[in-house]
**Student:** 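Here it is, the structure in full.
The analysis underlying the following values was restricted to heavy atoms, covering all of them including side chains, and did not include hydrogens, waters or symmetry mates. Here the structure is a predicted model, which means the values were calculated and not measured. In what follows, chains carry the letters A, B, and so on, assigned in the order in which the sequence lines appear, proteins first and then strands, with residues in each chain numbered from 1.
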Number of protein chains: 2
Amino acid sequence: MSLDHALLVSLLEKPSSGYELARRFDRSIGYFWHATHQQIYKVLARMEEAGWISGELQAGEAAPDRKLYSVSRAGRSEVARWLAEPTEPEGVRDSLMVKLRGAAFGEAGALIPELEHHRALHANRLTAYRVIEARDFSGTLDRQRALQYQVLKSGIRYEQGWLEWCEEAIALLHGHEQDPPRREKK
Amino acid sequence: MSLDHALLVSLLEKPSSGYELARRFDRSIGYFWHATHQQIYKVLARMEEAGWISGELQAGEAAPDRKLYSVSRAGRSEVARWLAEPTEPEGVRDSLMVKLRGAAFGEAGALIPELEHHRALHANRLTAYRVIEARDFSGTLDRQRALQYQVLKSGIRYEQGWLEWCEEAIALLHGHEQDPPRREKK
DNA sequence: GCTTGCACTGCAACTCGTTGCATAGTATCT
DNA sequence: AGATACTATGCAACGAGTTGCAGTGCAAGC
């Protein structure tokens, strides 16, 4: 498991409260590792217990109290350990693909709106990434920025691939739209 | 959740035992929706309970007994229902990306073997897909085959993207190999 | 003064998924 | 005869992740 490590890296980049992390996981890091706030609070509590991070309570004047976490020495060495340890690629799980195979046994045309929805979402993400790219990663980059940019580039490639694939799939289904659904028995 | 539906679609394509499904999930469908055999047996039991599939025990002569499942009428309509229902894209979770961001706080060069490992894996997958493509999807395709091919194409695109990205990332890290790790304090 | 909304944290219950183990028969090699 | 490996199914325990709810406190609008 690795939400732990995603949070540690996030906290190395910037000490934060659970809430801040949760919002960061709706953008930025969250594009490559999503998590809900409940999950985040749970893992933060566990990591504080384990001594990887320490939380400092800050009484807010004009804002609610918040607990600012930062990575301890033990947490840093845990990150180093984890970096050195090999990881296998995550298994893919994509329900659209399953649906497309399932479409052979139903109304394939019914999937077109779904595909168009996905195309729109991926197009939006791609645009968002392009904006970030232009804003944060033009000109010369220091080491940290260069690495972050490389991560962003994988996102760009990914969304672009999806976009093209969606177009193809939509065209395919349009071609088959009039065909009767395949039936195996009566 | 959707292992249920992945199994239903798999069973529509071919009635099978749990064991067969488990092996199928190591190839084919499994490239787009992975699952272990325990998980599969559990879900099969639940779906039989729910009446979506029915299992017929087959006494093997030269082989162990097996339970052959096939999709019932109720299961078929569940698939149809699910196909019509919109699904959001799955959230990405990629530990390599997190590691790359984490590398800014450690020995970035240490990630090179890891990246090379991933590159090799993605290259293997790509080759495997190309073999399947040449073997099963050349010439004219019926509706079902065309849809399966479209699914395979997403896999090809995906692995190819990864491959290119890995090359880029390795080149980047080689460039930074001599740099000292970035430190925030002390 | 009351509602709505946002910043902020968390518990409880549940489902999903993984890991490890158990069992049992058949086939093959040595 | 014994070791190894494959087909085949499953339980039990645990950890990861989701969903729903609950609470505080501040600020803004009506």
**Student:** Can you give me the N/O atom pairs linking the protein to nucleotides 20-24 of chain D at distances under 3.5 Å, or say none if there are none?
**Tutor:**
from: dG20(D); atom 1: O6; to: Gln38(A); atom 2: NE2; distance (Å): 3.3

**Student:** Which pairs of donor and acceptor atoms, one on a side chain in residues 20-27 of chain A, lie under 3.5 Å apart (sequence neighbours left out)?
**Tutor:**
from: Glu20(A); atom 1: OE1; to: Ser17(A); atom 2: N; distance (Å): 3.2
from: Glu20(A); atom 1: OE1; to: Arg66(A); atom 2: NH1; distance (Å): 3.0
from: Arg24(A); atom 1: NH1; to: Ser10(A); atom 2: O; distance (Å): 3.4
from: Arg24(A); atom 1: NH2; to: Lys14(A); atom 2: O; distance (Å): 3.3
from: Arg24(A); atom 1: NH2; to: Ser16(A); atom 2: OG; distance (Å): 2.4

**Student:** What is the distance from CG of Asp4(B) to P of dC16(C), rounded to the nearest Å?
**Tutor:**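 The answer, rounded to whole Å, is 7 Å.
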**Student:** Can you give the donor-acceptor pairs under 3.5 Å from side chains of residues 115-124 of chain B to other protein atoms, not counting sequence neighbours?
**Tutor:**
from: His117(B); atom 1: NE2; to: Glu88(A); atom 2: OE2; distance (Å): 3.1
from: His118(B); atom 1: NE2; to: Thr87(A); atom 2: O; distance (Å): 2.8
from: Arg119(B); atom 1: NH1; to: Glu167(B); atom 2: OE1; distance (Å): 3.2
from: His122(B); atom 1: ND1; to: Glu159(B); atom 2: OE1; distance (Å): 2.5

**Student:** Mind calculating the distance between CG (Asp26(A)) and P (dC6(C)) to the nearest angstrom?
**Tutor:**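 Taking atom P of dC6(C) as the reference, CG of Asp26(A) is at 14 Å.
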**Student:** To the nearest Å, give me how far apart CZ (Phe25(B)) and P (dC16(C)) are.
**Tutor:**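 Taking CZ of Phe25(B) and P of dC16(C), I get 15 Å after rounding.
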**Student:** Just jot down the salt bridge (charged side-chain N to carboxylate O under 4.0 Å, His left out) partners of Glu164(A), sequence neighbours excluded, or say none.
**Tutor:**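 Listed in chain order: Arg157(B).
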**Student:** Assign each of Arg93(B) and Lys67(B) to its nearest nucleotide of DNA chain D by heavy atoms, then name whichever residue's nucleotide is nearer the 5' end.
**Tutor:**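 In this pair, the answer is Lys67(B).
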**Student:** Round to a whole Å and report the spacing from CG of Asp65(B) to C1' of dG25(C).
**Tutor:**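 Distance, rounded to whole Å: 9 Å.
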**Student:** What's the CH2-P distance between Trp33(B) and dC16(C), to the nearest Å?
**Tutor:**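 So the CH2-P distance, Trp33(B) to dC16(C), works out to 11 Å.
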**Student:** Would one find a side-chain N or O of Tyr41(A) under 4.0 angstrom from OP1 or OP2 of dG10(C)?
**Tutor:**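 Answer is no, no contact under 4.0 Å.
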**Student:** Can you name the ring-ring contact (aromatic ring centres under 6.0 Å, His included) partners of Tyr129(A), sequence neighbours left out?
**Tutor:**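 Applying ring-ring contact (aromatic ring centres under 6.0 Å, His included) to Tyr129(A) gives Tyr31(A).
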**Student:** Is it true that Glu90(A) and Ser95(B) share a donor-acceptor pair across their side chains at a distance under 3.5 Å?
**Tutor:**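 Result is yes, a qualifying pair exists.
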**Student:** At under 4.0 Å between heavy atoms, what does Lys42(B) touch on the DNA or RNA strands: base, sugar-phosphate, or nothing?
**Tutor:**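 Result for Lys42(B) = base.
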**Student:** Think Tyr19(A) has a side-chain N or O under 4.0 angstrom from the OP1 or OP2 of dT9(C)?
**Tutor:**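 No, no such contact exists.
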**Student:** For a quick test of reading the model: is some side-chain N or O of Ser17(B) closer than 4.0 Å to OP1 or OP2 of dT9(D)?
**Tutor:**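 For dT9(D), OP1/OP2 do have a side-chain N/O of Ser17(B) under 4.0 Å.
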**Student:** Should side-chain heavy atoms under 4.5 Å link Ile, Leu, Val, Met, Phe, Trp and Tyr, which residues sit in the same cluster as Leu57(A)?
**Tutor:**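 Under the 4.5 Å side-chain rule, Leu57(A) groups with nothing.
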**Student:** Counting just side-chain N and O atoms, does Arg46(B) come under 4.0 Å of either OP1 or OP2 of dT15(C)?
**Tutor:**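 Answer no for this pair, as no side-chain N or O of Arg46(B) is under 4.0 Å from OP1 or OP2.
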**Student:** Please report, rounded to the nearest Å, how far the C1' atom of dC8(C) is from the CD atom of Gln58(A).
**Tutor:**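 Between C1' of dC8(C) and CD of Gln58(A): 13 Å.
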**Student:** Using whole Å, report how far OH of Tyr69(B) lies from C1' of dA8(D).
**Tutor:**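 Between C1' of dA8(D) and OH of Tyr69(B): 12 Å.
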**Student:** Ignoring hydrogens and geometry beyond distance, is a side-chain donor-acceptor pair present between Tyr69(B) and Glu56(B) at under 3.5 Å?
**Tutor:**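 Their side chains do not contain a donor-acceptor pair, so the 3.5 Å distance test is not met.
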**Student:** Taking only the side-chain heavy atoms of Gln39(B) (C-beta and beyond), determine which of dG17(C), dA16(D), dT9(C) contains the nearest atom.
**Tutor:**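 Minimum distance to the Gln39(B) side chain belongs to dG17(C).
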**Student:** What is the distance, to the nearest angstrom, from the CD atom on Glu20(A) to the P atom on dC6(C)?
**Tutor:**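 Those two atoms, CD and P, are 18 Å apart.
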